[in-house]
Amino acid sequence: MKPLGKINRQLSTTQVIALGFISAILIGAVILSLPVCSASGEFTPFADSLFTSATSVCVTGLVTVTTAEHWNLFGKIIILILIQLGGLGIVSFTTGIMMVIGRRITLRDRMLLEDALNLDTLTGLVKFLKRIFKGTFAVESAGAVCYSFVFIPHYGIIKGIWYSVFHSVSAFCNAGIDILGSNSFVPYASNAWINIVTICLVITGGIGFLVWWDITGSIKKLIQHEYTVKMAVKKLHLHSKIVIITTFFLITGGAALIFALEFNNPGTIGNMGFFNKIMASFFQSVVLRTAGFMTFSQSEMYSSTIIVCLFIMFIGGSSISTAGGIKTTTFAVLFLSTRATIKGSTHLVVFNKTIPHKTVQKALAVTVVSLIVLFIATFALHLVEGGSLLDATFETTSAIATVGLSRDFTASMGIFGKLIITFCMYLGRIGPISMVIFFNRQQQGSKYFSYPHEDITVG
């Protein structure tokens, strides 16, 4: 394996990351297409193996063939490796391997990591990466142990442990790929333990590594009696505060709306008991933030609920996490900036801290570009596949936000539809990262001159 520092220096950081994901997807697709990976012992059509590899590396969860039935044990292991690879990130994963085998991490490697993780400093970067790996495997191990309390009694020791490990990694990486069958977690809709473990893993993977260390650091100070509860909350970084608050309101608000809208729908939660309705609503709200497990049919939801789902999916999880979407901080910055403009404020001040104008511009750019891509992808998918426009919109949003939920649309697609969704999943995984990297670059010419000002009328 060549060190990252040996990568062609003509390539930009964005190109290196994009090509890294493409390479992983293509290699995974070739392996999965082989008879050794399928349960039938036959070659898998390349369109399906490419789709499966892309949905794994891009931690999405949409599938054209049932994972539990189509792939044998070896194929499922390959999928699990691709999920872990995609969840940690190609650059992070490659650098981690270099660290394990004792390769020196060069300055260029560190710069790649800085851009891949969307950080603004090289200080302590390798240490930060080590913490990501340790934290990831610790949480995934804990999740596997928790799952095993249910899966081992159901499937036996060996199969139960395998199911526990697979679903823990898939949930933490926000992949949403399961090996339970075509109904995903529907058989466990009333199992509180499975619901709680999955929700915790998805949220933990989706809030972002920076928030992890910030929260654990404050808790440590609290335990050591260096902080009071008020100080522990106050000392959290602004990024963490915004992520926690936005995540809380998206999950609770989404759950409340799903509960109210679907309360009497017999196709979803209508026939469940009151407590199970609440649990299923929270589960749906959480997994909409880029982890495509389900405990009730997506195709039976009312149109009004679908609109709520589209909104939550588009926002997704948080920065520097395993989640997709435009990110919670992007949405929060746009919302708070709009509120500040309405109030007549010239600066965006949150918790007595001023957020730079370039951050607002970056959030706006990421959102607008994502909306444009979503519009084009939906138009293209509806053009080649037909069917319901709402279903096509749900599918493309799910792919671009790397969610993985579908209204029974994926399996029925032709080859062109599969290619469109494959591209959407890829773009959803690297697009926001690449856009942020691009917007972080300083415009050299603007340092030395500026053009005359002239205002225009908007609104």
Side-chain angles (χ1 to χ4, degrees), residues 87-89 92 96 110 113-143 171-174 199-252 286 289-291 315-336 348-356 358-360 362-363 366 432-433 436 440:
L88 288 172
S92 302
R110 293 171 186 266
L113 274 174
E114 179 190 6
D115 283 345
L117 296 173
N118 191 21
L119 301 175
D120 57 5
T121 178
L122 292 173
T123 305
L125 201 56
V126 174
K127 182 180 179 181
F128 179 73
L129 183 62
K130 288 180 179 178
R131 295 177 73 186
I132 288 178
F133 274 84
K134 289 179 181 178
T136 295
F137 294 130
V139 174
E140 288 176 348
S141 298
F172 174 80
C173 290
N174 281 208
I199 286 172
C200 289
L201 285 170
V202 172
I203 292 176
T204 304
I207 62 172
F209 301 111
L210 288 178
V211 181
W212 280 20
W213 313 135
D214 206 11
I215 293 175
T216 54
S218 289
I219 292 175
K220 184 178 179 180
K221 295 282 187 181
L222 189 63
I223 294 173
Q224 294 173 345
H225 302 293
E226 295 181 29
Y227 284 172
T228 62
V229 174
K230 186 177 181 180
M231 282 184 63
V233 174
K234 187 176 181 181
K235 289 292 183 178
L236 289 175
H237 291 99
L238 179 61
H239 173 85
S240 299
K241 292 177 181 177
I242 290 177
V243 166
I244 293 169
I245 293 172
T246 307
T247 299
F248 174 80
F249 278 108
L250 283 174
I251 291 175
T252 55
V286 169
R289 303 180 63 252
T290 80
I315 296 172
S318 301
S319 301
I320 317 179
S321 73
T322 59
I326 63 170
K327 304 296 188 292
T328 52
T329 44
T330 303
F331 169 73
V333 166
L334 289 180
F335 175 80
L336 294 170
L348 178 54
V349 179
V350 185
F351 291 112
N352 298 320
K353 299 288 181 65
T354 300
I355 296 178
K358 68 176 183 178
T359 302
V360 179
K362 192 186 304 179
V366 168
I433 297 174
V436 169
N440 269 335

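In this text the structure is predicted, and so the values were computed from the model without any measurement.
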K.L.:
Kindly write out the residues that satisfy side-chain hydrogen bond (donor to acceptor under 3.5 Å, both in side chains) with Thr136, not counting sequence neighbours, or none if the list is empty.
P.N.:
none
K.L.:
List in chain and number order the residues that pass side-chain hydrogen bond (donor to acceptor under 3.5 Å, both in side chains) with Thr329, two or more places apart in sequence or in another chain; answer none if no residue qualifies.
P.N.:
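Scan of Thr329 (side-chain hydrogen bond (donor to acceptor under 3.5 Å, both in side chains), adjacent residues dropped) gives Ser319.
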K.L.:
Check Ala363 against Val333 and note the closest heavy-atom contact, atom names and distance.
P.N.:
CB-CG1, 4.0 Å
K.L.:
Is Ile215 close to Ile244 at the side-chain level, that is, under 4.5 Å between some pair of heavy atoms?
P.N.:
yes
K.L.:
When you measure from the side chain of Asn174 to the backbone N and O of Val202, does any donor-acceptor pair fall under 3.5 Å?
P.N.:
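Yes, because the side chain of Asn174 sits within donor-acceptor range (under 3.5 Å) of the backbone of Val202.
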K.L.:
Pairs of donor and acceptor atoms involving the side chains of residues 229-240, under 3.5 Å and at least two apart or interchain, shall be tabulated with distances.
P.N.:
| residue | atom | partner | partner atom | Å |
| --- | --- | --- | --- | --- |
| His237 | ND1 | Asp214 | OD1 | 3.2 |
| His237 | ND1 | Asp214 | OD2 | 3.2 |
| Ser240 | OG | Asp214 | OD2 | 2.6 |

K.L.:
Hey, which of Leu336, Ile242, Ile315 is the one that makes side-chain contact (heavy atoms from CB on, under 4.5 Å) with Phe331?
P.N.:
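Testing Phe331 for a side-chain contact (heavy atoms from CB on, under 4.5 Å) against Leu336, Ile242, Ile315 leaves exactly one candidate, Ile315.
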K.L.:
Give every donor-acceptor pair under 3.5 Å between a side-chain atom in residues 204-212 and any protein atom, sequence neighbours left out.
P.N.:
| residue | atom | partner | partner atom | Å |
| --- | --- | --- | --- | --- |
| Thr204 | OG1 | Cys200 | O | 2.6 |
| Trp212 | NE1 | Thr204 | O | 2.8 |

K.L.:
Rounded to the nearest 0.5 Å, what's the gap from OG1 on Thr228 to CG on Leu222? Could you check?
P.N.:
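Reported to 0.5 Å precision, the distance equals 7.5 Å.
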K.L.:
Tell me, please, which residues at least two apart from Lys221 pass side-chain contact (heavy atoms from CB on, under 4.5 Å).
P.N.:
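Result, side-chain contact (heavy atoms from CB on, under 4.5 Å) vs Lys221: Glu226, Tyr227.
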K.L.:
Atom CD1 of Ile251 and atom OG1 of Thr246: how far apart are they, to the nearest 0.5 Å?
P.N.:
11.0 Å
K.L.:
Do any N or O atoms from the side chain of Asn352 and from the backbone of Val350 form a donor-acceptor pair under 3.5 angstrom?
P.N.:
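No; judged by distance alone, with no hydrogens or angles, the pair does not exist.
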K.L.:
Going by side-chain contact (heavy atoms from CB on, under 4.5 Å), name the residues that satisfy it together with Thr216, two or more places apart in sequence or in a different chain.
P.N.:
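With neighbours one apart ignored, the set is Trp213.
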K.L.:
State, with a plain yes or no, whether a side-chain heavy atom of Arg289 is found less than 4.5 Å away from one of Thr247.
P.N.:
yes
K.L.:
Check Gly316 against Thr328 and note the closest heavy-atom contact, atom names and distance.
P.N.:
O-CG2, 3.8 Å
K.L.:
If you compare all heavy atoms of Ser318 against all heavy atoms of Val243, which two are closest, and at what distance to 0.1 Å?
P.N.:
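Closest approach of Ser318 to Val243: OG-CG1, 3.2 Å.
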